[in-house]
Amino acid sequence: TGSLREVAGSRRAVADPRVPVGATRLRLASTAGLSVGDAVVVYRPSTAAWIHAIGMDQIHDDGDTVQWAAGEYDLHYERVVAALDGDAITLDAPVMNALDALWGGGAVYRYTFAGRIANVGVERLRLDSTYVAGKETSDEAHAWIGVQLDALEHAWVRDVTALHFGWAAVSVESKARFVTVQDCEMLDPVSQITGGRRYSFNVDGQRTLVQRVHTRGGRHDFVNGARVLGPNVFLDGVAEDTHADIGPHHRWTTGTLFDRIRGGEMAVQDRGDYGTGHGWAGAQIVFWNPEASALACERPPGAENWCIGLLGRHVPGRLAREDGHFELEGRHASPSSLFLAQLEDRLGPAAVLAITTAAQRR
């Protein structure tokens with residue numbers, strides 16, 4: 001379980017009129033009470049004015065649509081204070097959504113997290129969910145998730161194969177962070193082929209790397225849910241026999257990189273009244289050197305999404321919104337992997353060697 005709690009009296013308003021996506025330095029009204037090494041949350045409110053500006057209080061109502069409401073889409077990014085300089089702080093990782101005074105600005109506060117465990121892993125398992133033979137697209141009275149992680153950090157799942165599960169091989173939930181999932185498979189799921197099923201590798205946590213994974217027969221194979229707080233990365237994933245799209249699935253995921261992913265359809269778009277009103281699935285989403293049967297990448301108002309190096313068809317989204325940033329369609333970009341290039345820039349070649357196989361470095 002576990003819970004994040006704000007330290008009373010520690011909240012400090014952001015003084016900058018705008019903090020752009022990717023920034024690590026921001027000015028506060030005061031840095032009193034803050035120290036280098038403090039665990040802090042960067043808070044970005046969801047005001048009624050912002051929700052109106054992106055049209056999420058005007059989603060087509062198909063009978064059960066729930067419009068987005070102020071306060072329900074607040075974002076709370078966990079960070080560490082890396083440096084202090086007068087009224088400015090430097091964070092250990094960048095901001096994944098702009099903080100703009102026009103839409104309520106932002107704040108920083110210290111927090112505690114009771115009940116979060118650390119340094120745990122699951123390795124070298126073959127998991128098989130028993131079902132009624134012949135009911136591969138109807139039986140749902142069996143195990144649903146192979147490995148589920150929540151309220152933990154510095155955790156890993158590797159060399160796990162999950163067969164016949166209804167929902168996911170691995171699901172990283174919203175209270176998890178600093179997770180690596182690698183060399184895993186989700187094969188031949190058993191369930192109805194409809195909503196809420198077959199999300200092969202689901203990431204709702206923060207600062208998760210999913211790499212070298214394989215799926216067969218899933219729906220949303222490499223996917224985020226609602227209000228997912230990046231950065232998160234899917235690297236070198238392969239999806240076969242897909243039944244729905246790869247990408248953020250609903251309600252404003254921020255800061256996911258889909259790097260060298262091969263599969264069927266991929267999308268970041270305004271999903272409108274899908275579900276009970278998914279609306280804009282994500283912002284600050286990057287598809288880097290994807291290979292897709294079809295890919296839609298659209299731009300929410302006031303934000304951006306990118307598709308660089310697409311091999312596959314560039315298609316409009318469900319509601320034909322404005323395109324995001326497309327570049328190098330029909331050929332791959334250099335570097336081959338954006339994540340690995342950035343990792344080498346930050347930590348050097350040894351860091352890349354430590355986490356990759358020879359095939360990834362070709």
Side-chain angles (χ1 to χ4, degrees), residues 2-47 49-50 71 73-116 118 151-154 174-179 204-209 227-233 252-257 282-286 302-304 339 342-348 351:
S3 60
L4 186 152
R5 294 187 179 182
E6 181 174 349
V7 173
S10 69
R11 184 172 292 219
R12 304 287 182 261
V14 172
D16 295 304
R18 179 175 172 82
V19 178
V21 172
T24 57
R25 179 182 167 91
L26 57 158
R27 293 186 307 111
L28 303 180
S30 169
T31 56
L34 288 175
S35 301
V36 172
D38 280 349
V40 296
V41 160
V42 178
Y43 165 71
R44 195 267 187 183
S46 56
T47 62
W50 171 69
Y73 293 82
D74 294 353
L75 305 176
H76 301 260
Y77 298 95
E78 293 183 57
R79 297 292 185 262
V80 172
V81 177
L84 289 169
D85 179 17
D87 64 352
I89 66 169
T90 300
L91 304 169
D92 69 324
V95 173
M96 293 287 102
N97 201 108
L99 309 177
D100 196 318
L102 182 64
W103 310 124
V108 171
Y109 61 83
R110 291 189 294 116
Y111 74 94
T112 60
F113 198 116
R116 179 181 265 161
L152 50 69
E153 60 185 354
H154 305 299
S174 62
K175 296 175 184 178
R177 65 174 191 161
F178 297 117
V179 174
D204 289 346
Q206 302 182 50
R207 301 168 88 166
T208 295
L209 169 64
R227 292 158 287 217
V228 179
L229 305 168
N232 292 301
V233 178
W252 208 257
T253 281
T254 55
T256 300
L257 168 62
Q284 290 70 250
I285 307 299
V286 178
E304 186 59 279
F339 173 73
Q342 292 179 332
L343 179 63
E344 183 169 346
D345 285 346
R346 288 189 295 114
L347 300 176

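Index from 1, following the sequence.
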Check against side-chain contact (heavy atoms from CB on, under 4.5 Å), V108 and L91: CA-CA 11 Å; V108 171; L91 304 169; 5.6 Å; no
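- With hydrogens and angles ignored, the 3.5 Å screen pairs a side-chain donor or acceptor of Q284 with a backbone N or O of M96.
- Nearest approach of A49 to W103, heavy atoms of both residues: O-CZ3, 3.5 Å.
- E6 pairs with exactly one of H76, R110, R11 by the side chain to side chain donor-acceptor pair (under 3.5 Å) rule, that one being R11.
- With rounding to the nearest 0.5 Å, the separation of OG1 in T256 from CG in N232 is 5.0 Å.
- Of all the heavy atoms in A82 and D92, the pair that sits closest is CB-N, 4.2 Å.
- A donor-acceptor contact shorter than 3.5 Å is absent between the side chain of S3 and the backbone of F113.
- The backbone N or O of G205 lies less than 3.5 Å from no partner atom in the side chain of T208, so there is not a single donor-acceptor pair.
- Separation of atoms CG (D87) and OG (S30) is listed at 9.0 Å; rounding is to 0.5 Å.
- Smallest separation of non-hydrogen atoms from A283 and A303: CB-CB, 3.7 Å.
- Remark: side-chain polar atoms of T47 are paired, donor with acceptor, to backbone N or O of W50 under 3.5 angstrom.
- For the side-chain contact (heavy atoms from CB on, under 4.5 Å) test with R44, the passing option among N97, V14, V95 is N97; the others fail.
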Evaluation steps, side-chain contact (heavy atoms from CB on, under 4.5 Å), between I89 and T31: CA-CA 8 Å; I89 66 169; T31 56; 3.9 Å; yes
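- Rounded to the nearest 0.5 Å, atoms CD1 (I285) and OG1 (T254) are 7.0 Å apart.
- Salt bridge present: R116 and E78 bring a charged side-chain N and a carboxylate O closer than 4.0 Å.
- Note: L28 CG to L34 CG = 6.5 Å, rounded to the nearest 0.5 Å.
- With values rounded to the nearest 0.5 angstrom, R79 atom CZ is found 11.0 Å from L26 atom CG.
- Across G104 and P45, no two heavy atoms sit closer than the pair O-CG, 3.5 Å.
- Salt bridge status for R25 with D16: absent, with no side-chain N to carboxylate O gap under 4.0 Å.
- A salt bridge is defined here as a Lys NZ or Arg NE, NH1 or NH2 lying under 4.0 Å from an Asp or Glu carboxylate O, and R227 with D204 fails to meet this definition.
- Counting heavy atoms from C-beta on, the side chains of L209 and F339 come closer than 4.5 Å.
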Residue pair Y77, V41: steps toward the side-chain contact (heavy atoms from CB on, under 4.5 Å) verdict: CA-CA 5 Å; Y77 298 95; V41 160; 5.9 Å; no
Audit row: R27, D85, salt bridge (Lys or Arg N to Asp or Glu O under 4.0 Å) steps and yes/no: CA-CA 9 Å; R27 293 186 307 111; D85 179 17; over 6 Å; no
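- Listed here is the closest heavy atom pair of G9 and R12: O-NH1, 3.0 Å.
- Atom CG of L229 is separated from atom CH2 of W252 by 13.0 Å, given to the nearest 0.5 angstrom.
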